[in-house]
Number of protein chains: 2
Amino acid sequence: MQTTPAATEQAPTSADSCSAPPPPHPRPDGRDSYTISEVVAFTGLSAHTLRWYERIGLMSHIDRSHTGQRRYNNRDLDWLGLVGKLRLTGMPVADMVRYAELVREGENTYDERRDLLVATRHDVLARIAELHDTLAVLDRKIAFYTEAGHGHAAERAG
Amino acid sequence: MQTTPAATEQAPTSADSCSAPPPPHPRPDGRDSYTISEVVAFTGLSAHTLRWYERIGLMSHIDRSHTGQRRYNNRDLDWLGLVGKLRLTGMPVADMVRYAELVREGENTYDERRDLLVATRHDVLARIAELHDTLAVLDRKIAFYTEAGHGHAAERAG
DNA sequence: TATGGCCTTCGAGCGCACTCCAGGCAAGCC
DNA sequence: GGCTTGCCTGGAGTGCGCTCGAAGGCCATA
């Protein structure tokens, strides 16, 4: 954020709020049991994806109704929230599965879990730095095109 | 960077410097013609990828030696630098190809190019914000595990 | 009873961004 | 000439993260 010389941070345009759909997480009300379609609504993930997460061990087995249907609880939703965040960092699903396994193994994996999160944290910092770099490049190019549009087209830009 | 209460920024561990290979861009010396393998060394991309970029129109046709081998020039390297940055933003290759086409079409596409870059800039800001969010989550969890490791394991964390 | 809707499982398919292979040519060196 | 190295081409293959389809179960409402 601080590396951007050009362009004050104007209020999000409509196009902007489009690009980031309003958080599909209106979240629970007071219950602790949700059907898969409710979780779809909360998380924005597809039912297929939710079932797939369970199959690959990214989620522990979900409670079932007497008819065998999945009933997600608030802890499951919390977990999905974390998974969503980790996904944003670009962490491979396999690594998230690893973390999930550590959680299932119990408290004696605290150290390993911490290490994993710390490593992820470093990655995130690195990605943020990269993005700031990129932002600087974009700002230079945008400035160029803005200049050029204002009349005197001069040097050529990629 | 500013959202991190826990964990002082210790010197990168060896594992860390591994995860981010030192910039594979020692860049040119004084020439303006490079073989594909030199470009591989500069960019860290594979020769396969470089040829593929050309095939799909992400790079304009590269000069050839009298024997038909590719000879990249400094402008090509600059372009690859930009492509590398855009790639970091998660921009799809197809969009980059679109931008490349605009560049090839000439100066009358300045406005459209600018629009595209501005849109990308918004995306980048959004991603940075997401990553800061994620960082906050990671820091909370890391703090929890650090606490817990120091003796009193209490509440349970995901 | 039947219709619709949402659920189940298993397994195949898809889109993206590469990645690799087979087969071949040209140049340089012994 | 023979060998190696480096590059060429077109096209097939890979890995990831979903995404979808087929075939069927359960159950509420008409």
Side-chain angles (χ1 to χ4, degrees), chain A residues 21 24 31 33-73 76 79-80 82-100 120 123 127 130, chain B residues 21 24 31 33-73 76 79-80 82-100 120 123 127 130:
Chain A
R31 293 171 301 145
S33 173
Y34 313 91
T35 66
I36 198 168
S37 59
E38 286 172 316
V39 177
V40 165
F42 293 153
T43 63
L45 297 168
S46 74
H48 280 300
T49 300
L50 287 169
R51 290 190 279 256
W52 178 67
Y53 278 1
E54 197 178 335
R55 270 217 305 283
I56 66 175
L58 184 50
M59 303 204 65
S60 50
H61 276 288
I62 302 299
D63 285 350
R64 301 305 174 111
S65 73
H66 71 104
T67 58
Q69 296 185 191
R70 286 174 182 77
R71 291 295 179 262
Y72 293 80
N73 61 31
D76 297 325
W79 175 256
L80 283 172
L82 175 61
V83 166
K85 291 292 184 201
L86 293 180
R87 221 163 38 113
L88 289 177
T89 70
M91 179 188 278
V93 167
D95 290 5
M96 291 190 258
V97 170
R98 173 72 188 135
Y99 184 76
T120 303
D123 290 350
R127 310 245 28 243
E130 285 173 352
Chain B
R31 292 171 302 145
S33 174
Y34 313 91
T35 66
I36 198 167
S37 59
E38 285 171 316
V39 177
V40 164
F42 293 153
T43 64
L45 297 168
S46 75
H48 282 301
T49 299
L50 287 169
R51 288 190 279 255
W52 178 67
Y53 278 1
E54 196 179 337
R55 271 218 304 283
I56 66 175
L58 184 50
M59 302 206 65
S60 50
H61 277 288
I62 302 299
D63 286 350
R64 300 302 178 110
S65 73
H66 70 106
T67 58
Q69 296 187 190
R70 286 173 182 78
R71 292 295 179 262
Y72 293 80
N73 62 30
D76 297 326
W79 175 256
L80 283 171
L82 175 62
V83 166
K85 290 292 184 203
L86 293 180
R87 220 163 39 113
L88 288 178
T89 71
M91 179 186 278
V93 166
D95 290 4
M96 290 191 258
V97 170
R98 173 72 189 137
Y99 184 76
T120 303
D123 290 350
R127 311 245 28 244
E130 284 173 351

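The basis for the numbers below is simple: all heavy atoms, side chains too, and nothing from hydrogens, waters or symmetry mates. Since the model is a prediction, treat every value here as computed from it, not as a measurement. By convention in this document, chain letters (A, B, ...) are assigned in the order of the sequence lines, proteins followed by strands, and residues within each chain are numbered from 1.
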Report the residue (Thr67(A) or Ile36(B)) whose heavy-atom-nearest nucleotide on DNA chain D is the more 5′ of the two. Ile36(B)
Interatomic distance where [atom1] belongs to [X] and [atom2] belongs to [N] [whole Å]:
X	N	atom1	atom2	answer
Asp95(B)	dG15(C)	CG	C1'	14 Å
Gln69(B)	dG28(C)	CD	P	10 Å
Leu50(A)	dC20(D)	CG	C1'	15 Å
Leu80(B)	dC18(C)	CG	P	12 Å
Arg55(A)	dT9(C)	CZ	P	8 Å

Reckon [X] has a side-chain N or O less than 4.0 Å from the OP1 or OP2 of [N]?
X	N	result
Ser46(A)	dC18(D)	no
Thr35(A)	dC6(C)	no
Arg51(B)	dC8(D)	yes
Arg70(B)	dC8(D)	yes

Is there a donor-acceptor pair closer than 3.5 Å between any side-chain N or O of Arg127(A) and the backbone N or O of Leu88(B)? yes
Sequence neighbours left out, what pairs pass side chain to side chain donor-acceptor pair (under 3.5 Å) with at least one residue falling in residues 55-64 of chain A? Glu54(A)-His61(A), Glu54(A)-Arg64(A)
Identify whether any heavy atom of Arg71(B) sits under 4.0 Å from a base atom; if not, whether one sits that close to sugar-phosphate; answer base, sugar-phosphate or nothing.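 Answer is nothing: Arg71(B) stays at 4.0 Å or more from every strand.
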Result for 5'-nearest mapping on DNA chain C, choosing between Tyr53(B) and His48(A), is His48(A)
Evaluate the side-chain proximity of Leu45(B) to Tyr53(B): yes if any heavy-atom separation is below 4.5 Å, no if none is.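 Answer yes - side chains close enough.
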For a salt bridge (Lys or Arg N to Asp or Glu O under 4.0 Å) check, start with the C-alpha distance between Arg87(B) and Glu130(A), then their side-chain angles and the critical distance, and finish with the verdict. CA-CA 11 Å; Arg87(B) 220 163 39 113; Glu130(A) 285 173 352; over 6 Å; no
Looking only at side-chain atoms of Trp52(B), point me to the closest of dC27(D), dC7(D), dA17(C). dA17(C)
